[in-house]
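Numbers here are sequence positions counted from 1. As the structure lists them, so they are numbered: ligands from 1, and atoms in each ligand from 1.
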Amino acid sequence: MKPMEIQPGIWSVGVVDWNCRDFHGYLESPLGTTYNAFLITKGDKTILVDTVKEDFKHELGCNIAHVLGKDAKIDYVICNHLEPDHSGSIEYVMERYKPEKIFLSKMGMTSMKGLHHKAEDWPLEVPDMGEDLDLGGVAVRFVEERMLHWPDNMGTYLPAEKILFSSDAFGQNWATTERFCDQVDQGILYYQLGEYFANIVQPYSPMVQKVAKALRTMDIEMLAPDHGMIFRGKCVPKVLDDYERFASQRPYKRAVVVYETMWHSTEKLAHAVVSGLVDGGVDARLYHMKATHHSRVMTELLFSGGVACGSPTHNNNIMPLMADMLTYMKGLRPKNKVSAAFGSFGWSGECCSIISEYLDQMEMSQLEDHVRTQYAPGHEGLKGAADLGRDMAKQIITNVDNWEQENG
Ligand code: FEO
C-alpha cells in the first residue's frame with residue numbers, strides 16, 4: 001500500500017498483512033491485519049513513529065522512500081511498543097537510516113534490549129511521560145499507556161496537530177485499503193474493535209479505564225492505532241466510549257455455550273442448555289471447540305452475560321480443547337459473567353468439578369447445580385440441562401438489570 005498523508009506532513013507508511021490468520025500465535029485473525037507506522041515530515045527533523053513486522057521491512061523502506069526519496073534521512077524513531085509486530089524492523093531502520101535517537105518508555109528499554117541485542121549500542125532515550133518535547137519544531141508528548149498491551153506501551157501525542165498515535169490501544173485486526181473509521185462498515189468495525197479488546201487488552205481493563213479517562217482530558221481530533229482504522233472526527237469520542245464500555249465489562253442478555261464431545265452426549269446437553277436459555281429470555285451462541293477458535297469465543301463472551309462450559313470426562317479429566325479454552329479464558333480475566341458446568345461421563349465423572357475449578361479460579365459466579373449425566377442423556381438429563389439454561393437466563397437478566405440500575 002502506498003503511503004497516505006493523513007494530515008499535512010504526517011504520513012501513514014505502515015503495511016497491510018492481507019494473509020495474517022494467526023495473530024501472535026493465539027488470536028485468529030480471519031480478516032487479516034495491518035501494522036501501522038507513521039512518518040512526521042513537517043518539522044526540521046524527520047520522525048518515524050513505530051516500525052512494522054520484520055517480514056515487511058522492505059515495504060516500510062519503500063513507503064519511506066516514496067515520501068522522502070531514496071536518500072531518505074530519519075532523525076528520530078519513536079517506539080511506542082516493542083512487540084515484534086511493531087519493532088521487528090527496527091534493526092533494518094537503524095542500519096539504513098542511522099537515526100540520532102530512539103525514544104521509548106522505561107520498560108521499553110528492557111524489552112528493546114531483550115529483543116534486539118544490538119540495541120546496547122543504539123542511542124536509546126527514555127523521555128518523561130506527559131512532558132512536551134521539541135523535536136525539530138514539532139511538539140511531542142509521550143502518554144502513559146502501560147499494559148495496553150505490554151508494560152512498555154506508551155502513546156505519542158502531537159498537541160498542535162491534535163493527533164494521538166495510540167499503539168495497540170484501539171487497534172483492530174482488519175486488512176483493508178481504507179485507512180479511516182468513517183470509510184468502513186460500522187458494525188464490522190465495532191466487532192473487530194471488540195475482538196481485539198477481548199483477546200489482547202481485556203486483562204488490563206482497570207488500566208484501560210484510567211487511560212481512557214486521561215485521554216478525555218486531551219484535545220484529540222485524530223487517534224491512530226498501530227492496527228486497523230484511524231479514528232477521526234466523531235469516531236474519536238465514540239471509540240473512547242466503546243473502549244470504556246468494553247473495559248467496564250458490562251453484562252448483556254446473551255450467553256455463550258462452549259463444549260467438547262466424544263459420542264455426542266455432552267453435545268446433546270449443550271443444545272438443551274441453549275433451549276433453556278432461549279426459553280428464559282436470553283439469546284445464545286453455541287460453540288463446539290473442535291469447530292471454533294478460542295479467540296472467537298472470547299469475543300462473543302465480551303458481548304454476553306454468561307458462559308456455560310461442557311465436556312465429557314476423559315481419562316479422569318476434561319477434553320483437551322475445553323482445557324485449552326478454559327486456560328485461555330482464565331488468562332483474559334473476563335468479569336461479570338454467570339457460569340455453569342455440564343457434561344456426560346461413563347464411570348469416574350470428574351468433568352464438572354474440573355470445569356468448576358477453572359470457573360472458581362476466574363472468580364465467576366456459578367450456578368450451584370452442575371448437570372452431569374452418565375453415558376447418553378435421557379429425558380431427565382436433557383430436562384436438567386434445559387433447566388440449567390433457564391436458571392442461567394434468570395441470573396443473567398437479574399445481573400443485567402442490576403448493572404443498568406447501578407451504571408445507567
Ligand atoms: Fe500490536 Fe502488542 O503488539
Side-chain angles (χ1 to χ4, degrees), residues 1 12-38 48-57 59-60 77-93 102-116 119 142-156 164-176 179 189 192-205 207-208 211 223-231 239 243 246-247 295 298-299 328 331-333:
M1 275 279 291
S12 167
V13 290
V15 301
V16 181
D17 188 349
W18 297 100
N19 298 323
C20 174
R21 295 293 178 269
D22 178 17
F23 188 76
H24 295 19
Y26 55 82
L27 166 57
E28 188 180 49
S29 51
L31 306 184
T33 195
T34 68
Y35 312 112
N36 300 343
F38 303 94
L48 177 66
V49 181
D50 293 320
T51 76
V52 300
K53 195 173 176 184
E54 191 184 10
D55 310 20
F56 298 90
K57 62 188 178 191
E59 197 174 330
L60 174 69
V77 178
I78 295 171
C79 287
N80 280 326
H81 179 28
L82 275 298
E83 192 158 16
D85 48 334
H86 308 298
S87 79
S89 300
I90 190 68
E91 294 186 21
Y92 167 83
V93 165
I102 301 176
F103 295 97
L104 72 183
S105 69
K106 195 173 163 196
M107 288 305 294
M109 189 73 97
T110 309
S111 314
M112 179 70 98
K113 289 181 181 173
L115 289 164
H116 303 281
F142 299 100
V143 178
E144 183 63 72
E145 287 187 12
R146 194 180 313 205
M147 300 316 299
L148 274 75
H149 146 233
W150 277 12
D152 61 33
N153 278 80
M154 64 179 192
T156 299
L164 173 72
F165 303 104
S166 64
S167 186
D168 277 340
F170 311 103
Q172 332 96 51
N173 283 330
W174 195 4
T176 58
R179 304 281 173 89
L189 178 61
Q192 294 309 112
L193 188 76
E195 178 204 64
Y196 195 91
F197 179 90
N199 289 280
I200 304 266
V201 190
Q202 177 164 236
Y204 315 110
S205 290
M207 283 81 141
V208 171
V211 169
L223 197 159
D226 272 356
H227 300 285
M229 301 301 142
I230 297 168
F231 298 90
V239 77
Y243 245 51
F246 296 157
S295 58
M298 290 313 297
T299 309
Y328 186 67
L332 289 166
R333 300 178 219 159

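Residue contacts to atom 1 (Fe) of ligand 1: His227 brings an N, O or S atom closer than 2.8 Å. For a distance bound of 2.8 Å, the N, O or S atoms of Glu83 include none lying that close to atom 1 (Fe) of ligand 1. In summary, no N, O or S atom of His86 is located under 2.8 Å from atom 2 (Fe) of ligand 1. Distances from atom 2 (Fe) of ligand 1 show that His24 has no N/O/S atom below 2.8 Å.
In this structure a side-chain-to-backbone donor-acceptor pair under 3.5 Å is missing from Thr33 to Asp17. Looking at Glu28, its side chain never comes within 3.5 Å of a backbone N or O of Tyr26 through a donor-acceptor pair.
Shortest distance from atom 1 (Fe) of ligand 1 to Asp168 is reached at OD1 (N/O/S atoms only). For Asp85, the N/O/S atom at the shortest distance from atom 1 (Fe) of ligand 1 is named OD2.
Residue Tyr196 forms a side-chain contact (heavy atoms from CB on, under 4.5 Å) with just one option from Trp174, Phe23, Phe246, and that option is Phe23.
Of all non-hydrogen atoms in Ala37 and Thr51, the two that sit nearest each other are CB-O, 4.0 Å. Taking each heavy atom of Arg146 and Pro151 in turn, the nearest pair found is CG-O, 3.4 Å.
Taking atom 2 (Fe) of ligand 1 as the apex, the angle formed with ND1 of His149 and NE2 of His81 is 110°, to the nearest 10 degrees.
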Report task. Evaluate the side chain to side chain contact (heavy atoms under 4.5 Å, CB included) criterion for residues Arg179 and Asn36: first the C-alpha distance (whole Å), next the side-chain angles of each, then the deciding distance (0.1 Å), finally the verdict. Result -> CA-CA 10 Å; Arg179 304 281 173 89; Asn36 300 343; over 6 Å; no
